[in-house]
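Everything numeric in this text was worked out from a predicted model, so none of it was measured. In listed order, ligands and their atoms are each counted from 1. Position 1 is the first residue of the sequence, and the numbers go up from there.
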Amino acid sequence: MHTSAPGKLILCGEHAVVYGHPAIAMPIHALQATITSTASAPNTGLVVEAPDLGRVWHLHATAPLSDLARRTLDFLGTPEPDLALTIRSTIPIASGMGSGAAVGAALVRALAAAVGRTLDPATVSALVYESERTFHGTPSGIDNTVVAYEQPIWFQRRPQQAPLIEPLHVEQSLTFVVADTGVASSTKAVVGDLRQRWEEYAAPYEAHFTAIGSIVTTIRRLLSEPNDNLLGSLLTMNHKRLQMLGVSSPELDRLVDAAIANGALGAKMSGAGWGGVMLAFVESERAKQVATALGAAGAVQTWITRLERL
Ligand code: MEV
């Protein structure tokens, strides 16, 4: 049996989303984390294996995946199964494309499927979030939400309430070129560093977060009332705010500049930053040209992806 979850891309609003502002994220269905489940011999317990990484986890280890497996089995009210789970993923690790959240969502689904259950996206998302919170500091919850819902979403944390999660209306299909800097980046480290600076002197950071929130709100409107040039410039403006927040990197900036110099309508880093991926918004006929330029500017891998009309 197979279960899976897609990679994700944050279109706009990363980091500010941790502080209560809205953000927009979309799944990338072309990249998937997949788990294959096989019943194993009695009393062998749960063994989770990632052959591509040469790693194996058991249920009682102190590791994020073991913690998530324990939480899921508790939620399902089921004892440890005798089950071998094999993880394969085409989502690059530590790249801002949601690899950890997707593996987590696929794991929750695999354990549920083993007892004949299918969990709804909200439950999958909540289990992955609780586990991420234990190991990754102060995540907003957007990553687990978009990979569990598998559709473009508007996401905003709210005090004392569950986050606001709304599927997005998209009036026209939009084309993006995504490029990986090849620099691995830890979301926990970047989010933690920004939080430390925010704790020391909040006001200038709050100003950037508020500005990003208004950019995101305008971008949402442009998804249903298309204006490609404005959308492009707002994405680039979002990138500049992220630069000022200290979460971009020379490699990301170089790729953003190269995309714009080669005809992209706008470009920005995507995800936590300091490495990982950036996205360029392009007219579809220019996608290949921009992807080639990004390769020449140092990207180790590029993808062309679309936010489909919904
Ligand atoms: C990471 O994909 C997005 C961040 O905003 C962190 C988070 O929301 O948890 C940087």
Side-chain angles (χ1 to χ4, degrees), residues 5-28 31 33 64 68 89 91-105 125-150 152-159 162-165 176 178-181 183-198 205-206 208-213 215-216 219 235 238-239 241-249 252 268-279 305:
K8 68 98 202 326
L9 207 52
I10 303 227
L11 181 61
C12 51
E14 53 274 89
H15 287 292
V17 69
V18 175
Y19 297 83
H21 297 275
I24 296 174
M26 57 196 202
I28 303 198
L31 300 176
L68 178 57
S89 175
I91 311 165
I93 293 172
S95 69
M97 295 176 98
S99 141
V103 168
S125 177
L127 285 163
V128 176
Y129 179 64
E130 280 311 313
S131 180
E132 291 221 324
R133 247 172 28 146
T134 314
F135 288 90
H136 296 306
T138 56
S140 66
I142 191 170
D143 290 5
N144 45 279
T145 303
V146 67
V147 305
Y149 282 72
E150 304 189 63
I153 51 154
W154 169 268
F155 180 94
Q156 185 166 20
R157 292 176 103 174
R158 296 180 292 192
L164 178 66
I165 299 161
F176 297 92
V178 181
D180 188 354
T181 57
V183 178
S185 145
S186 147
T187 300
K188 183 184 181 188
V190 190
V191 171
D193 179 81
L194 178 56
R195 177 165 293 273
Q196 213 175 348
R197 288 181 282 124
W198 172 80
Y205 290 101
E206 292 290 348
H208 290 309
F209 296 149
T210 303
I212 290 173
I215 292 170
V216 173
I219 288 178
L235 291 170
N238 190 171
H239 181 71
R241 289 286 175 178
L242 290 162
Q243 278 180 319
M244 288 188 271
L245 288 173
V247 297
S248 190
S249 71
L252 285 164
K268 64 182 279 292
M269 54 163 269
S270 176
W274 286 0
V277 297
M278 54 76 68
L279 60 85
T305 186

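- The contact set between ligand 1 and Lys8, taken as ligand atoms under 4.0 Å from a residue heavy atom, comprises 2 (O).
- Under the 4.0 angstrom criterion for non-hydrogen atoms, Gly96 is not in contact with ligand 1.
- The backbone N or O of Val18 sits less than 3.5 Å from a side-chain atom of Arg157, completing a donor-acceptor pair.
- Close approach to Pro139 involves these atoms of ligand 1, each under 4.0 Å from a residue heavy atom: 9 (O).
- Within the 4.5 Å cutoff, the side chain of His21 has no heavy atoms near those of the Val216 side chain.
- Near Ile142, the atoms of ligand 1 lying under 4.0 angstrom from a non-hydrogen atom of the residue are 8 (O).
- Contact atoms of ligand 1 toward Val18: 5 (O), 6 (C), 7 (C), 8 (O) (distance under 4.0 Å to a heavy atom of the residue).
- Judged purely by atom type and a 3.5 angstrom limit, Ser131 has no side-chain atom pairing as donor or acceptor with the backbone of Leu127.
- Atoms of ligand 1 found under 4.0 Å from any heavy atom of Val17 (numbered from 1 in listed order, with element): 5 (O), 8 (O).
- Counting the atoms of ligand 1 from 1 in the order shown, those under 4.0 Å from a heavy atom of Glu14 are 5 (O).
- Nearest protein heavy-atom neighbour of atom 3 (C) of ligand 1: Ile10 CD1, 3.7 Å.
- For ligand 1, the atoms sitting less than 4.0 Å from at least one non-hydrogen atom of Asp143 are 1 (C), 2 (O), numbered in the order shown with element in parentheses.
- Looking at Ile212 and His15, their side chains never come closer than 4.5 Å, going by heavy atoms from C-beta outward.
- For atom 9 (O) of ligand 1, the nearest protein heavy atom (residue, atom name, distance) is Ser140 N, 2.8 Å.
- Formation of a donor-acceptor pair under 3.5 Å by the Arg241 side chain with backbone atoms of Leu245 is not found in this model.
- Classification of the Phe209-Tyr19 ring pair by plane angle, with boundaries at 30° and 60°, yields parallel.
- Side chain of Ser185 to main chain of Ala94: no donor-acceptor pair is present (N/O by atom type, distance under 3.5 Å, no hydrogens or angles).
- Each of Glu14, Lys8, Met278 was evaluated against Ser270; a single residue qualifies, Glu14, per the side-chain contact (heavy atoms from CB on, under 4.5 Å) test.
- Scanning the protein heavy atoms around atom 4 (C) of ligand 1, the nearest turns out to be His15 N, 3.9 Å.
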